[in-house]
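Beneath this line is the structure, given in structure tokens, with notes to follow.
Throughout, a chain's letter reflects where its sequence line sits, starting with A, and its residues are numbered from 1.
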There are 2 protein chains.
Amino acid sequence: MILKSQVEWALHCCAILAGLPEGRYLSTKALAEFHGLPKEYLSKALQSLSQAKLVESTLGPSGGYRLARPTAEITFLDVVEAVEGKERTFACSNIRANNPCRPEGYCEAGPCAVARVMWDADEAWRAKLRSVSLAALVQTLEQEIPTTLWQSSFQWVLKRAG
Amino acid sequence: MILKSQVEWALHCCAILAGLPEGRYLSTKALAEFHGLPKEYLSKALQSLSQAKLVESTLGPSGGYRLARPTAEITFLDVVEAVEGKERTFACSNIRANNPCRPEGYCEAGPCAVARVMWDADEAWRAKLRSVSLAALVQTLEQEIPTTLWQSSFQWVLKRAG
DNA sequence: GAGAGACTACTCGGATACAGTCTGTCCGAGTAAATCCGG
DNA sequence: CCGGATTTACTCGGACAGACTGTATCCGAGTAGTCTCTC
């Protein structure tokens with residue numbers, strides 16, 4: 001079990017979009033070039049973000065994507081769920097119901113103990129992801145990336161933002 | 001991204017094995033019948049547990065599996081990692097290295113900020129799984145399963161344990 | 001020079017192939033129990 | 001009746017197909033900007 005590579009791409013793309021000036025858009029092409037990724041496939045990840053209403057898109061020349069909400073109101077969990085789906089990582093098939101000793105017509109109440117533990121762990125994972133916003137990510141990046149690289153990257157992006 | 005169904009099976013099987021008297025073994029066939037699962041495929045999950053040294057196996061008639069350690073010393077995480085592997089759920093391909101603005105020969109120090117967040121979440125998930133032992137699971141089950149069902153199941157298993 | 005209309009080029013979005021992993025099945029090597037035979 | 005060798009039947013373990021999700025790609029619908037022509 002491993003997350004799709006699209007999750008990583010989506011997060012990095014959001015980090016770039018987070019630094020975009022108000023009202024500007026950045027195209028899939030630019031994002032793909034910046035990250036060295038296949039443009040066509042990256043667009044799938046961005047479509048997922050678009051469907052989840054995390055980003056807005058515009059067509060035509062100088063079109064592309066921009067964040068749909070303030071960076072403080074978009075969390076890692078939002079992005080991960082947009083790409084991976086909101087389903088829990090553990091699916092309970094309720095196999096206890098196959099117990100041959102189970103009396104006829106017996107009906108279990110609530111989810112089984114195994115599923116509860118797995119779901120608790122899943123929730124802990126989600127809570128951690130929910131606790132980090134894009135704003136926090138950008139702040140971290142700004143601190144640890146060399147200023148020259150940060151600025152040149154910003155210029156590079158700005159040049160292609162419509 | 002969703003965990004394999006084998007994880008669920010392995011956990012339920014461990015719960016059964018946890019209730020087995022000292023020195024007895026339970027076969028794949030019995031475990032498969034009890035849970036209503038395909039015997040052949042279930043054996044794959046048990047093999048994983050065996051390779052992880054969580055269970056011991058014996059051949060011949062009245063052979064099968066038993067836990068290799070006390071129930072208090074086997075956690076959910078042990079079982080999950082035995083089946084799913086110990087790799088982290090998020091793989092960082094270090095795409096920041098593709099930044100076209102990156103100076104020649106520039107070398108990043110440490111994992112990127114995105115990966116750190118994802119790995120923190122992964123660790124929170126694992127910590128939760130690590131905090132629940134098989135002993136705790138058995139205790140929970142014993143409390144919430146009707147006594148008659150509990151005992152008849154125990155008898156059913158004991159009858160087939162070699 | 002200004003405005004309206006047509007055109008162009010670029011964008012996103014969905015529909016379409018390829019690959020890898022998960023799921024499910026099969027058969028063989030090995031061993032503990034049961035059986036049989038001799039003492 | 002007891003002990004040992006043989007047989008047997010049952011187990012695990014690895015090797016072998018099918019289905020589904022993830023990966024990668026292509027092409028069409030639609031729009032913002034640009035250009036041109038007319039007034």
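A donor-acceptor contact closer than 3.5 angstrom links the side chains of A/Gln6 and A/Tyr41. Of the N and O atoms on the side chains of B/Asn98 and B/Arg96, not one donor lies less than 3.5 Å from an acceptor on the other residue.
OP1 or OP2 of D/dC12 has not a single side-chain nitrogen or oxygen of B/Gln51 nearer than 4.0 Å. Checking the phosphate oxygens (OP1, OP2) of C/dT25, no side-chain nitrogen or oxygen of B/Tyr41 falls inside 4.0 Å. In this model, the phosphate group of D/dT23 is not approached by any side-chain N or O of A/Gln6 to a distance below 4.0 Å at OP1 or OP2. Of the side-chain N and O atoms in B/Ser62, none sit less than 4.0 angstrom from OP1 or OP2 of D/dT11. At the phosphate of C/dG13, OP1 or OP2 sits under 4.0 Å from a side-chain N or O atom of A/Ser57. In terms of phosphate contacts, B/Ser5 brings a side-chain nitrogen or oxygen within less than 4.0 Å of OP1 or OP2 of C/dT23. One finds no side-chain N or O of A/Ser43 lying less than 4.0 angstrom from the OP1 or OP2 phosphate oxygen of C/dG13.
Residue whose closest nucleotide on DNA chain C sits further toward the 5' end, between A/Gly64 and B/Glu40: A/Gly64. If B/Gly63 and A/Pro38 are placed on DNA chain D by their nearest nucleotide, the residue sitting closer to the 5' end is B/Gly63. In terms of position on DNA chain D, the residue among B/Ser50 and A/Trp9 whose nearest nucleotide sits closer to the 5' end is B/Ser50.
Of the residues in residues 21-37 of chain B, those lying under 4.0 Å from DNA chain D by heavy-atom distance are B/Ser27, B/Thr28.
Rounding to the nearest 0.5 Å gives a distance of 9.0 Å between CD of A/Glu87 and CD of A/Glu81. Here B/Arg69 contributes atom CZ and B/Leu54 contributes atom CG; the two are 5.5 Å apart, rounded to the nearest 0.5 Å.
Between the CG atom of B/Leu42 and the P atom of D/dG13 there is a distance of 12 Å, given to the nearest Å.
By the 4.0 Å N-to-carboxylate-O rule, A/Arg116 lies too far from A/Asp120 to be salt-bridged with it.
Using cut-offs of 30° and 60° on the angle between ring planes, the pair A/Phe34 and A/Trp156 is tilted.
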